[in-house]
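Only one structure is covered here, and it is reproduced in the block below.
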Amino acid sequence: MPSVTITLPDGKTLPFDNPPSGFDVASKIGPRLAKDALAVKVDGEVRDLHAPITHDAKVSIITYKMRDGTVDPDALLLLRHSAAHIMAEAIGNIVKGAQLVYGPPLPTGFYYDIKFPDDRPLSTNDFANIEAEMKRIVAEDRKFTRYECDAAAGMGKLKSEGNKYKVDNAERAIAASSPSALGTQTSALSFYATGEPGKNWEDLCRGPHVPSTGRVGAIKVLSLASSFWHGDENSDRLTRVYGTAFATQQELDEYLKQREEASARDHRVIGAKLKLFHIDEAVGQGLILWTPAGGVVRDQLQKFISEELVKQGYHQVFTPHIGRLELYKTSGHFPYYKESQFAPIIERDALAELSAQGCGCAEMMHRVEGVSARLASTINERTKKQTITPDRVLSDDKLIEGFMLKPMNCPHHIKIFASQQHSYRDLPVRLAEFGTVYRWEQSGELNGMTRVRGFTQDDAHLFCTPEQVAQEVQGCLSLVKIVLSTLNMNNYRVRVGLRDPDAKKFTGDPAQWDLAEAACRNAAKTLGVQFSEEPGEAAFYGPKIDFVVKDVIGREWQLGTVQVDYQLPLRFGLSYIGADNKPHTPVMIHRAPFGSMERFCGVLIEHFAGAFPTWLSPEQVRVLPISEKTNEYAHSVLTALKNAGVRATVDDGNDRVQGKIKAAAEMKIPYMLIVGPRDAEQGNVSLRVRGVEKDAGAMKLETFVESIKREIAERRADLSVKP
RNA sequence: GCCACUUUAGCUCAGCGGUAGAGCGACGCUUUCGUAAAGCGUAGGUCCAGGGUUCAAAUCCCUGAAGUGGCUCCA
């Protein structure tokens, strides 16, 4: 028998005469550890607690809680993977003929994709039954038993069960562990029985699992969703059942409470309560109506960024909401993103003429969507590549012209640049606009302000020489940094999106892409923030740098973006006269520090839970007279505030002051000024600061006005006014 | 777009075949008050829309719209 030496995390070694299991190792360390052990990590790989360790290895025992008292993320994943099996068995017991597909753990829980028989779909009404069944399985505390068969036997077993999804999983597993890939390893399939193989429920599974069902203390079925097999929308539709699990009921309860709290800061809920925006069915899905209060927030953000733009040498431009279809065929937006744009707007006369010719719908679409031969050859010549798809090229007399609701601002800005001749001395030219664009998002994607069909980008396009790219990109990045730090959004990461190495989803010369990607990478390096490079994440015309901001609940939002573009200047034939007196093609940089005003405000609402810094607050101060006796004084206070440019109101209703405070607190107003006879006599105001449970004390009205003016002017993120 | 669920007063929701309900808000009156809701009263509804079943539909069935959670997508 070979002896095995186990090295523990603290460096101690334990000799064993026979290959021990993780449980044996834990038992040798102590009975308490053996009791708590869920699995074992062998040379960094998580394995079943009872699997034999056949060679000398570094071993650590995985318990639910780590030494510092926090939950081990490995243990949680393990437990949730096991919980997914328990849920799958429970569902299988309740719904006959349910075919299991795939059930992985997630950072917050787990799901199982299941194909239900058509006559028996799952509904949320089944949750109670499923949970009861899961509890029964947990109470039985059955062992998770692993067994392996060779590929042929395993496949035979699965095929006899008639579940094509599991057969497919097995085929993938065999392919992934094929001898050619891993040398000597023979491909085998592993199964886990929840209890005894042959007697209890079992599933094809790589594992590992917790030792027994009883170790999963608390499971809850959370929601239903649909998914596609292999994520392919043309493939089978599956039902995805989400759940979560913890070792104890208390942790589950805490998690559910946390979820509730998260939904309480939902921008749609807060937006309605604070009357920040409205979406009206009659106006249309995904179209935001900014109400007066939300209008203040947006206006302040726009003023803020406009000030920065002046400092950085930008020019403000204004362009209309539509443009000729031809423009977007030139830019490439129309062919590339046809599916996610509103349909073209076609002139009445053109429609009537086609209709008179008996032109059918398909023919009409073809003649709208086609590209003229002249445009195709021009662009292909300029970009030295076949960028116009030949089957869409029609002779000019067959084309129908139309307009597009603009999906991007760049073509309009390009035309502004092209309207004048430029010398290299003029560059960079920086054109900025709060430009509203429209995109046809799928209805199921729409979500409050964060996913909409019409939105305003804080857009700008910079036209510069190749030598200026690096510096201009850095300028853009510093702008994004100013924006994020002013708003106290300091938890973000930076993603450099590079072209997909093997896909054809990019246009242009690879050498230019290399240049652009290098410029982005270098600029990201100078940021002093961690960044990741992600191939395949580029725009079709160039690489980009995205700022992904993490909000208070840990969700990530892609907000600011900077993109380098060598393609559009070529497609539009842009040029400037260089020092050599010859024309050169400029490089374009697209950038939007907020991204979209709608989405940014939505994220901002959730970030602050509606409690905006004073400079952004729709209502900055509310004056609360104690009774009608001080209404007059309250109004004089209001006048003083308004004269100082402070957004303020008076609550002169006949509520008691407690009621007025409650109402003002619910509207998340930064400062309340409570005024009674005592204050009126001395020209004072009694201050109450948002988030503070008690009176901050009295102060002179003039002092308050000066302090809040300073706080607003500095765009401070905190409430700084004190008596 | 796909799957599940939801849609009743301005808001949050109850009612689930037999007269349309509550709390908050709004409005009015009383109270004139010192730090997170004073008291009383009044108004407010095409029960999402259209069709069907029924003596009778907010309630059951069908179709559609919108919303929510996911899937897929996001220049």
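In what follows, every chain begins at residue 1, and chains take the letters A, B, ... in the order their sequences are listed. Since the structure is predicted, the reported quantities are computational estimates derived from the model, not experimental observations.
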How many whole angstroms separate atom CD of A/E281 from atom P of B/A66? 7 Å
Pairing check on B/U35: which nucleotide meets the Watson-Crick or G-U wobble criteria with it, both distances under 3.5 Å? none
Output one letter per nucleotide in nucleotides 37-44 of chain B: B when a protein non-hydrogen atom lies under 4.0 Å from the base, S when only the sugar-phosphate is that close, - when neither is. BB------
Answer with base, sugar-phosphate or nothing: what part of the nucleic acid does A/Y111 contact at a heavy-atom distance below 4.0 Å? nothing
Before giving the answer on side-chain contact (heavy atoms from CB on, under 4.5 Å), spell out for A/L673 and A/L624 the whole-Å C-alpha distance, their side-chain angles and the decisive distance to 0.1 Å. CA-CA 6 Å; A/L673 299 181; A/L624 312 181; over 6 Å; no
May I ask which nucleotide in the shown strands pairs with B/U6, Watson-Crick or G-U wobble, both distances under 3.5 Å? B/A66
Under 3.5 Å on both distances, the Watson-Crick or G-U partner of B/G1: B/C71
Expressed as a whole number of Å, how far does the P atom of B/U68 sit from that of B/U8? 14 Å
Which part of the nucleic acid, if any, lies within reach of A/E339 when heavy atoms closer than 4.0 Å are counted: base, sugar-phosphate only, or nothing? nothing
Can you measure A/H333 atom NE2 to B/A75 atom C1' for me and round it to whole angstrom units? 5 Å
Counting distance alone, no hydrogens or angles: does the base of B/C74 have a donor or acceptor under 3.5 Å from a partner atom on the side chain of A/R451? yes
Please give, in whole Å, the distance from B/A75 P to A/I545 CD1? 16 Å
If I pick the P atom on B/A49 and the same atom on B/A66, what distance separates them, to the nearest angstrom? 15 Å
Quantified in whole Å, what is the P atom distance between nucleotide B/G67 and nucleotide B/U12? 15 Å
Selection from B/A75, B/G34, B/G69 that lies nearest to any side-chain heavy atom of A/I626: B/G34
For B/G69 and A/N447 - does any side-chain N or O of the residue sit under 4.0 Å from the phosphate oxygens OP1/OP2? yes
Between A/W440 and A/R268, which is nearer to the 5' end of RNA chain B once each is assigned its nearest nucleotide? A/W440
Any donor-acceptor pair under 3.5 Å between the side chain of A/E445 and the base of B/C71? yes
What integer number of Å spans the C1' atoms of B/A20 and B/C2? 37 Å
Drop me the distance from A/I219's CD1 to A/M87's CE, to the nearest 0.5 angstrom. 8.5 Å
Distance between P atoms of B/G44 and B/C16 (Å, rounded): 26 Å
May I ask you to establish whether A/R80 and A/F110 are in a cation-pi arrangement, using a distance under 6.0 Å from NZ or CZ to the six-membered ring centre and at most 45° from the ring axis? no
What's the gap between B/A75 and B/A14 when it is taken at their C1' atoms, as a whole Å value? 47 Å
Could you let me know what B/C60 is paired to, Watson-Crick or G-U wobble, both distances under 3.5 Å, or none if it's on its own? B/G52
Got a donor-acceptor pair under 3.5 Å from the side chain of A/S340 to the base of B/A75? yes
Rounded to the nearest Å, what distance is computed from the NZ atom of residue A/K115 to the C1' atom of nucleotide B/C3? 11 Å
Taking the minimum atom-to-atom distance to the side chain of A/I674, which one of B/A75, B/G34, B/G67 wins? B/G34
How many whole angstroms separate atom CG of A/N684 from atom P of B/U35? 17 Å
Pair A/K273 + A/E666, salt bridge at N-O below 4.0 Å: no
Would the base of B/G34 count as contacting A/D695 through its side chain, where contact means a donor and an acceptor less than 3.5 Å apart? no
Rounded to the nearest 0.5 Å, the OG1 atom of A/T291 sits from the CG atom of A/L276 at a distance of 6.0 Å
Any strand counts, and the cut-off is 3.5 Å on both contacts for Watson-Crick or G-U wobble. Which nucleotide pairs with B/C47? none
Check: B/A4 base within 3.5 Å donor-acceptor of A/R240 side chain: no
If the threshold is 4.0 Å, N to carboxylate O, is there a salt bridge linking A/K660 and A/D655? no
So that I can tick it off, tell me whether A/R439 and A/E598 are bridged by a salt bridge, with the cut-off set at under 4.0 angstrom between side-chain N and carboxylate O. no
Tell me: CZ of A/R688 to P of B/U35, nearest whole Å? 9 Å
Which is true for A/S443 with a 4.0 Å heavy-atom rule: it touches a base, it touches only sugar-phosphate, or it touches nothing? base
If pairing requires Watson-Crick or G-U wobble contacts with both distances under 3.5 Å, which nucleotide is the partner of B/C40? B/G28
Measuring from A/Q563:CD to A/H461:NE2, what's the distance to the nearest 0.5 Å? 8.0 Å
Across all strands, who's sitting opposite B/A14 as a Watson-Crick or G-U wobble pair, both distances under 3.5 Å? none
Is any side-chain heavy atom of A/E131 closer than 4.5 Å to a side-chain heavy atom of A/K220? yes
B/C48 versus B/U7 - spacing of their P atoms, nearest Å: 8 Å
Would you tell me if any nitrogen or oxygen in the side chain of A/Q558 comes within less than 4.0 Å of OP1 or OP2 on B/C74? no
Closest-nucleotide mapping onto RNA chain B: is A/R599 or A/L687 further toward the 5' terminus? I mean the 5' end. A/L687
Within the structure, does a side-chain N or O atom of A/Y337 lie under 4.0 Å from either OP1 or OP2 of B/C73? no
So what does A/Q457 hit on the nucleic acid, given a heavy-atom distance under 4.0 Å: a base, only sugar-phosphate, or nothing? nothing
Answer yes if the side chains of A/H635 and A/D652 hold a donor-acceptor pair under 3.5 Å, and no otherwise. yes
Between the base of B/U35 and the side chain of A/E693, is there a donor-acceptor distance below 3.5 Å? no
Nucleotide nearest A/E628 (side chain, heavy atoms from C-beta), chosen from B/U32, B/G1, B/G34: B/U32
Check the distance between B/U31's P and A/K629's NZ and give it to me in whole angstrom. 12 Å
Rounded to whole angstroms, how far apart are NZ on A/K668 and P on B/A36? 17 Å
P atom, B/A57 versus B/U19: distance in rounded Å? 12 Å
What's the spacing between A/L405 CG and A/H321 NE2 if we round to 0.5 Å? 9.0 Å
